[in-house]
Amino acid sequence: MIEFTTWDILRNLLLAARWTVVLSLVAFTGGAIVGLAILFLRISKGKAARVFASGYIELFQGTPLLMQLFLSFFGLSLLGIEVPAWLAAGIALILWTASFLAEIWRGCVEAIPKGQWEASASLGMGRLQQMRHVILPQALKIAVPPTVGFSVQVVKGTSLTSIIGFTELAKAGQVIANATFAPFTVYGFVALIYFVLCFPLSKSSQFLERKLNVAHRNH
Amino acid sequence: MGYVFDYSWLGQYSGVLIKGVWLTVWLILVGATFGVALGVACAWARALGPMWLRPIVGGYVEVIRNTPFLIQLFFIFFGLASIGFQFSETTAALTAMIINLGAYGCEIIRAGIQATAKGQFEAGWSLGMSRLQTFWHVVLIPSLQRIWPALSSQIVILMLGSAVVSQIAAEDLSYAADFIQSRNFRAFETYIVATLIYLALAILLRQLLKGVGWLLFPKRSAAR
Amino acid sequence: MSLIEITEVRKSFGDNEVLKGIDLNVEPGEVIAIIGKSGSGKSTLLRCINGLETINAGSIQVAGAQLATDELHLKALRLKVGMIFQGFNLFPHKTAGQNVMLSQMVVKKTPKPEAEAMAKKMLDRVGLGHKFDAYPDELSGGQQQRVAIARALAMQPVALLCDEVTSALDPELVQEVLAVVKELAAEGMTLLMVTHEMRFARDVCSRVVFMHMGRVHEIGPPDEVFGDPKTPELRQFLGAQH
Ligand SMILES: Nc1ncnc2c1ncn2[C@@H]1O[C@H](COP(=O)(O)OP(=O)(O)OP(=O)(O)O)[C@@H](O)[C@H]1O
Ligand SMILES: [Mg+2]
């Protein structure tokens with residue numbers, strides 16, 4: 001048996017944590033893009049589009065992320081390709097993130113007073129122009145705190161990709177815990193690293209929210 | 001291509017699925033009950049409790065909310081076992097769920113408590129009730145009513161998140177799916193079925209929580 | 001010994017001294033009206049008597065129960081004095097009857113049937129026996145305030161503190177509440193009420209306290225206080241009332 005020093009454990013975990021960060025960034029960015037598309041469908045005039053979007057949201061929010069990861073992993077391999085875990089993980093996380101961001105942002109868009117839609121329509125703007133020039137800029141401001149808040153869920157969500165074999169922080173933790181027979185220390189460190197990643201995001205979300213509330217009250 | 005979907009295994013493994021569903025249901029019913037109770041206790045401590053207790057509970061809430069449930073589960077099942085606190089898979093899963101919901105519930109319920117008008121507390125006190133009695137009989141129910149939708153969502157999220165307890169071999173629905181797909185070599189179909197069952201459970205759970213709300217809050221408008 | 005003895009009571013919020021040495025003795029059965037400008041400390045005085053505010057100096061005694069900050073003493077005191085608030089503060093998730101029953105059962109450990117009988121009696125007394133099962137938001141403001149009075153009475157206090165109990169009411173609902181208060185006074189209940197209803201104070205009260213800048217500025221029977229004010233401040237206050 002190889003002896004692991006505390007430093008060895010921590011160093012290996014930190015190396016793996018890079019992949020947690022990368023995957024989180026990919027999931028969040030991709031999720032934001034897909035989420036924006038779902039948002040547009042969700043608030044569009046067409047009934048079919050709205051039904052599709054709410055079905056999408058219901059499906060991804062109403063089923064476990066773990067199942068989505070498995071389906072992505074095994075579903076892709078049905079297409080006959082040997083799927084690397086990172087690809088399956090990335091796709092599932094992006095779709096999952098998109099469903100939550102779309103729903104969060106819909107709330108923000110709906111918080112914009114109806115008069116804004118009517119005023120911009122009366123100026124002859126089309127639906128997309130209204131969104132782009134009038135609604136989104138206002139919705140964006142109130143969307144920032146809950147969006148940052150949700151990024152915490154994304155970071156934590158990446159831990160599930162360890163289950164389909166992607167080697168990030170949680171997976172590294174499992175491997176090292178098994179090798180060192182020191183699961184208490186190892187999982188303690190793993191939790192600590194996640195905490196260090198998530199806590200600043202949580203706090204800044206709360207901070208931004210408070211700032212926004214204060215700004216609103218002064219109106 | 002030309003993959004043919006095959007669900008003929010369903011009959012053979014329905015017993016396994018039902019057993020898995022049962023544990024998932026049991027875990028969420030018991031976990032949510034105790035988790036909400038823990039959340040109420042923590043919310044009280046954080047909003048109204050003694051000053052020395054507030055930062056302790058705050059620390060607990062932050063730690064839980066900023067670490068993955070999977071790691072909490074591993075820490076409880078593997079980590080604590082290694083220092084002498086051994087739990088069965090099911091107990092560890094249940095404990096992790098209660099601790100997790102306790103933290104999220106704490107923050108949600110606290111918001112409900114803090115939205116309570118000061119006059120409600122004062123009315124309770126002036127009738128001779130102690131602080132704890134006032135909290136319990138006067139403040140708690142309208143506070144819960146205020147945040148019931150948010151708390152319900154959190155409970156559904158916990159149920160879906162509980163799928164990872166299969167990773168410590170607690171024999172829930174996702175464990176059943178793992179087991180079946182290792183036998184029938186029909187992984188995709190198996191997880192489709194499991195996913196749809198989870199979806200149905202989520203919908204049912206939401207309805208159940210609505211019903212609990214009806215029972216708990218006979219007066220619909222009391223939350224204001 | 002008086003029923004309520006308020007001696008040299010001082011109360012500050014930060015640097016703001018709101019009560020600057022209040023002395024007041026109330027005899028059993030007395031009905032005292034407290035009048036004065038906004039911010040003169042009327043509400044604060046009542047809240048101190050009920051232990052909702054902690055006093056900085058002086059002492060308050062009600063029927064031998066001393067005001068102190070621990071829960072046991074507070075409870076003993078609060079069992080002797082009931083408080084009625086401007087905003088009613090009924091419990092929204094409980095019916096009128098349950099509102100009246102709750103504290104009897106929780107504080108006095110009265111068995112449910114007795115608490116229920118008492119609740120019926122008290123609601124009858126304020127003319128709302130038929131509203132036993134109504135929730136607060138199904139009642140008018142005047143009815144809510146009468147339930148609040150019944151709720152306080154059910155604890156069988158020796159005195160009631162009323163802080164502008166009709167101020168939150170629409171004008172047409174004021175009289176039904178005042179009628180209940182008047183009846184209580186007639187039955188011999190000791191009342192300390194902050195009020196802007198000068199007519200009512202003149203008709204019903206045994207003494208009137210005029211508070212000014214955190215002090216009892218003038219005190220006496222209503223005829224004297226209203227008919228022959230001694231200080232310019234009181235004269236000005238009364239002049240501004242019409
Ligand atoms: N909780 C508090 N914190 C700080 N200051 C307070 C507090 N409560 C009351 N005060 C201050 O104490 C003073 C007296 O207030 P109080 O409510 O007793 O006046 P009041 O005579 O009842 O007036 P009103 O007729 O408007 O009800 C006011 O200047 C008020 O701002
Ligand atoms: Mg006042």
Side-chain angles (χ1 to χ4, degrees), chain A residues 20 58-80 96 100 149 152-153 155-163 169-171 173-174 177-178 180-203 206, chain B residues 1-5 24 61-85 107 153 156-157 159-167 172-174 177-178 181 186-203 205-206:
Chain A
T20 293
E58 173 74 29
L59 198 65
F60 280 89
Q61 293 197 5
T63 59
L65 174 58
L66 180 61
M67 292 298 120
Q68 295 165 26
L69 284 161
F70 280 139
L71 286 178
S72 158
F73 188 73
F74 292 109
L76 284 175
S77 58
L78 283 192
L79 299 176
W96 176 78
F100 280 90
V152 176
Q153 307 304 323
V155 176
K156 293 191 294 179
T158 62
S159 69
L160 298 202
T161 62
S162 64
I163 297 171
L169 180 52
K171 183 76 188 176
Q174 270 175 286
N178 288 337
T180 57
F181 299 105
F184 186 82
T185 316
V186 173
Y187 288 124
F189 275 133
V190 172
L192 181 68
I193 297 173
Y194 275 112
F195 186 83
V196 169
L197 290 175
C198 294
F199 187 67
L201 292 171
S202 296
K203 274 292 150 206
Q206 282 167 18
Chain B
M1 293 308 278
Y3 183 83
V4 182
F5 288 92
T24 293
V61 168
E62 293 296 354
V63 166
I64 296 301
R65 297 208 315 161
N66 289 293
T67 53
F69 178 65
L70 182 66
I71 300 303
Q72 293 160 17
L73 188 68
F74 284 168
F75 188 82
I76 288 170
F77 188 67
F78 299 117
L80 291 187
S82 74
I83 59 165
F85 298 95
E107 286 309 274
S153 301
V156 173
I157 287 174
M159 192 273 284
L160 299 175
S162 78
V164 303
V165 302
S166 57
Q167 297 309 302
D172 74 332
L173 174 54
S174 70
D178 291 349
Q181 67 90 20
R186 288 286 172 176
F188 190 70
E189 289 93 321
T190 308
Y191 286 116
I192 286 275
V193 169
T195 303
L196 290 178
I197 298 176
Y198 272 114
L199 185 61
L201 287 179
I203 293 168
L205 183 56
R206 243 175 253 149

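In what follows, chains carry the letters A, B, and so on, assigned in the order in which the sequence lines appear, proteins first and then strands, with residues in each chain numbered from 1.
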Please set out all donor-acceptor pairs under 3.5 angstrom arising from side-chain atoms of residues 186-195 of chain A, sequence neighbours excluded.
from	atom 1	to	atom 2	distance (Å)
A:Tyr194	OH	A:Glu168	OE1	3.2

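- Closest approach of A:Ser162 to B:Leu70, counting heavy atoms only: OG-CD2, 3.7 Å.
- Looking only at heavy-atom pairs under 4.5 Å with chain B, the residue among A:Val152, A:Leu160, A:Leu65, A:Leu201 that has the most is A:Leu160.
- When heavy atoms are compared at a cutoff of 4.5 Å, B:Ile192 approaches chain A by way of both its backbone and its side chain.
- The two atoms that bring A:Met67 and B:Ala194 nearest to each other are SD-CB, 3.9 Å, heavy atoms only.
- With a threshold of 4.5 angstrom between heavy atoms, A:Gln61 approaches chain B through N, CA, C or O but not through any side-chain atom.
- Taking OG1 of B:Thr195 as the reference point, atom CZ of A:Phe60 lies at 10.0 Å (rounded to 0.5 Å).
- Checking side-chain atoms of A:Lys156 against main-chain N and O of B:Arg65 turns up a donor-acceptor pair under 3.5 Å.
- Here A:Thr63 contributes atom OG1 and B:Tyr191 contributes atom OH; the two are 14.0 Å apart, rounded to the nearest 0.5 Å.
- In terms of heavy atoms, B:Ser82 sits closest to A:Pro183 at CB-CG, 3.5 Å.
- With contacts defined as side-chain heavy-atom distances shorter than 4.5 Å, the pair A:Leu66/B:Ser166 qualifies.
- B:Ile71 and A:Ala170 get closest at one heavy-atom pair: CD1-CB, 3.9 Å.
- Contact annotation for B:Gln167: only side-chain heavy atoms (C-beta onward) come within less than 4.5 Å of a heavy atom of chain A.
- The aromatic ring centres of B:Phe75 and A:Phe184 sit less than 6.0 Å apart.
- Residue B:Val164 touches chain A through both its backbone and its side chain, counting heavy-atom pairs closer than 4.5 Å.
- A distance of 4.5 Å separates CZ of A:Phe74 from CD of B:Gln181, quoted to the nearest 0.5 Å.
- In this structure, the portions of B:Leu199 lying under 4.5 Å from any heavy atom of chain A include both its backbone and its side chain.
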